[in-house]
Amino acid sequence: MKTLTTATLTALVCVVLMGCVQGDKKITLRLKYQPGMKLAYDQTTKSSWQVTAGDSLIEESSSVYDVGITFHVVSIADDGTAEVLDSSTWSYQVPSKADTTQMETVERTRISTMFVQPDGKYTDLVLSADEKLGTVTWLKSYFEQGMPVFPSGELTAGYSWMQTTKVMLPDETMDASTTYRIKSLAREAGYDCAVIEYEGNMIIPVVATEEKGCLREGYDQITISGVTYFAYKEGIVVLERQNWLTKGHRERTCEGKTDYYLVTTKSDLEFALAEFERP
């Protein structure tokens with residue numbers, strides 16, 4: 001029979017005690033934005049997609065997007081709602097117009113203003129006037145369905161909650177829901193974090209648009225899973241990883257004839273804090 005050494009017993013006791021302490025530790029999940037605060041994030045998204053119509057493969061491809069995201073907290077309203085200026089710059093590779101055998105880097109910048117409450121609920125999103133209506137509508141639906149609204153009060157590891165949104169489509173009403181769970185408390189990038197796991201689905205209607213005499217419309221059915229490292233003392237996200245499976249249901253009507261096709265996209269995303277400046 002094997003005997004445990006004193007060192008092994010001590011280690012086991014420490015593990016047990018640490019588990020008990022973590023399980024008993026109470027935290028609150030709240031954004032703690034302040035006027036003048038700056039947060040910069042690096043985001044990388046790797047995606048592959050294919051377009052099918054019935055059993056026929058029409059197109060397939062893949063891409064890698066690098067995004068630099070900067071949040072500037074402009075003001076805090078009396079009810080705690082933060083006005084946050086979001087400046088995001090995408091960089092990605094496309095075939096060169098001069099030589100299609102070569103790739104070149106393209107950049108695009110989007111500036112928007114978000115209004116978010118301390119519990120994480122987004123109350124409004126304002127984009128520039130030249131942004132397409134479809135993009136604005138899609139993003140607002142995403143923020144409504146896909147962003148966590150933190151429970152109130154003190155919470156411990158193991159706590160879970162669910163968010164459900166009813167989505168109105170032209171022919172039916174569907175439920176989009178996500179379940180969140182505080183898996184553990186851990187250190188990440190020098191911060192004390194709540195490790196929040198989640199999985200769920202989103203249903204995002206696509207605004208009907210006319211292009212070259214054809215009307216396109218549909219909806220995106222998204223299955224999502226991920227983990228967020230939330231620094232509960234500072235009230236900020238430190239790291240987030242997500243996996244998306246998007247099925248874009250589309251119909252295109254041209255000269256009275258309607259075709260149906262499916263855009264299936266698999267994406268892996270990492271969103272990491274690069275800079276944090278307090279006012």
Side-chain angles (χ1 to χ4, degrees), residues 45 47-61 63 65 86 88 110 112-117 119-150 160-180 197-226 228 240 242-269:
T45 303
S47 298
S48 61
W49 69 89
Q50 58 178 216
V51 182
T52 56
D55 296 329
S56 300
L57 176 64
I58 299 174
E59 180 185 354
E60 63 180 349
S61 188
S63 65
Y65 286 83
D86 173 1
S88 300
R110 173 187 292 143
S112 61
T113 301
M114 306 178 296
F115 294 86
V116 57
Q117 297 176 342
D119 64 0
K121 180 179 177 61
Y122 281 74
T123 59
D124 200 4
L125 174 68
V126 179
L127 283 82
S128 60
D130 60 351
E131 195 68 63
K132 293 181 179 179
L133 175 62
T135 300
V136 176
T137 303
W138 198 99
L139 287 172
K140 285 186 175 183
S141 294
Y142 167 72
F143 281 122
E144 179 184 7
Q145 299 178 37
M147 303 303 289
V149 178
F150 297 132
S160 65
W161 73 98
M162 178 184 289
Q163 293 174 202
T164 300
T165 304
K166 289 196 174 296
V167 183
M168 304 293 292
L169 296 175
D171 299 325
E172 61 181 320
T173 300
M174 303 178 71
D175 285 338
S177 64
T178 301
T179 299
Y180 300 87
E197 291 186 333
Y198 54 92
E199 58 180 16
N201 73 300
M202 294 180 283
I203 307 293
I204 301 184
V206 174
V207 173
T209 57
E210 187 171 346
E211 183 179 344
K212 296 180 180 179
C214 297
L215 183 67
R216 290 177 172 84
E217 56 189 326
Y219 65 95
D220 288 331
Q221 189 172 17
I222 303 170
T223 301
I224 186 172
S225 64
T228 298
E240 185 158 15
Q242 294 182 345
N243 303 108
W244 289 43
L245 173 61
T246 303
K247 293 184 177 181
H249 300 264
R250 299 291 187 271
E251 57 181 74
R252 177 178 54 197
T253 302
C254 304
E255 298 180 352
K257 179 183 178 182
T258 300
D259 296 318
Y260 300 90
Y261 59 98
L262 182 69
V263 183
T264 303
T265 306
K266 295 181 180 179
S267 301
D268 296 319
L269 178 152

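Counting begins at 1 with the first residue of the sequence. The figures here come from the full heavy-atom set of this structure, side chains too, leaving out hydrogens, waters and symmetry mates.
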Colleague: Indicate whether any N or O donor in one side chain lies under 3.5 Å from an N or O acceptor in the other, for D175 and S177.
Modeller: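 No donor-acceptor contact under 3.5 Å links the two side chains.
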Colleague: Output yes when a side-chain donor or acceptor of R216 lies under 3.5 Å from a complementary backbone atom of T253, and no otherwise.
Modeller: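 Here the side-chain-to-backbone pair does not exist.
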Colleague: Rounded to the nearest 0.5 Å, how far does CD1 of I204 lie from NZ of K140?
Modeller: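 Result: 14.0 Å between the selected atoms.
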Colleague: Which atom pair, heavy atoms only, marks the closest approach of Q221 to H249?
Modeller: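 Closest approach of Q221 to H249: OE1-NE2, 3.1 Å.
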Colleague: Are W244 and M202 packed together at the side-chain level, in the sense that at least one heavy-atom pair is separated by less than 4.5 angstrom?
Modeller: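 Contact flag for W244/M202 side chains = yes.
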Colleague: Any idea which heavy atoms bring Y219 and P205 closest together, and the distance?
Modeller: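 That would be CB-CA, 4.0 Å.
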Colleague: Do Y142 and I222 touch side chain to side chain, with heavy atoms closer than 4.5 Å?
Modeller: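 No - every pair of side-chain heavy atoms lies 4.5 Å or more apart.
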Colleague: Does any non-hydrogen side-chain atom of T264 lie less than 4.5 Å from one of L245?
Modeller: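 Side chain of L245 against side chain of T264, heavy atoms only: contact under 4.5 Å found.
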Colleague: Give the intermediate values and the outcome of side chain to side chain contact (heavy atoms under 4.5 Å, CB included) for residues M174 and N201.
Modeller: CA-CA 11 Å; M174 303 178 71; N201 73 300; over 6 Å; no
Colleague: So does L57 get a backbone contact from the side chain of Q50, meaning a donor-acceptor N/O pair under 3.5 Å?
Modeller: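 No, the answer is negative, given that no donor and acceptor are paired below the 3.5 Å cut-off.
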Colleague: Taking the six-membered ring for Trp, are Y180 and W161 parallel (under 30°), tilted (30 to 60°) or perpendicular (over 60°)?
Modeller: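 Parallel.
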Colleague: Looking at side-chain heavy atoms only, is the closest gap between R250 and V51 below 4.5 Å?
Modeller: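 They are not in side-chain contact.
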Colleague: Just wondering, do Q242 and Y198 contact through their side chains at under 4.5 Å, heavy atoms?
Modeller: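 The answer is yes, as the side chains (C-beta and beyond) meet within the 4.5 Å cut-off.
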Colleague: To the nearest 0.5 Å, what is the distance between CZ (F150) and NZ (K121)?
Modeller: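 Interatomic distance, F150 CZ to K121 NZ, rounded to 0.5 Å: 13.5 Å.
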Colleague: Taking C-beta and beyond as the side chain, do S267 and W49 meet within less than 4.5 Å on heavy atoms?
Modeller: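 Side-chain contact under 4.5 Å: no.
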Colleague: Would you indicate whether the side-chain heavy atoms of F115 and V126 approach each other to under 4.5 Å?
Modeller: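 Yes; the side chains approach each other to less than 4.5 Å.
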Colleague: At their closest point, which heavy atom of C214 faces which heavy atom of R252, and how far apart are they?
Modeller: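 Shortest heavy-atom separation between C214 and R252 comes out as CB-CG, 4.0 Å.
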Colleague: Could you check whether any side-chain heavy atom of S112 comes within less than 4.5 Å of a side-chain heavy atom of L125, counting everything from C-beta outward?
Modeller: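 Result yes, sub-4.5 Å side-chain heavy-atom pair found.
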Colleague: Considering non-hydrogen atoms only, spot the tightest contact between Q145 and T178 and give its length.
Modeller: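 Looks like O-OG1, 4.4 Å.
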Colleague: Using every non-hydrogen atom in the two residues, find where L127 and E131 come nearest and quote the distance to one decimal.
Modeller: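 Minimum heavy-atom separation between L127 and E131: CD2-CG, 3.6 Å.
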Colleague: Answer yes or no: does atom CD of E197 have more than 12 heavy-atom neighbours from other residues, nucleotides or ligands under 6.0 Å?
Modeller: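 Yes.
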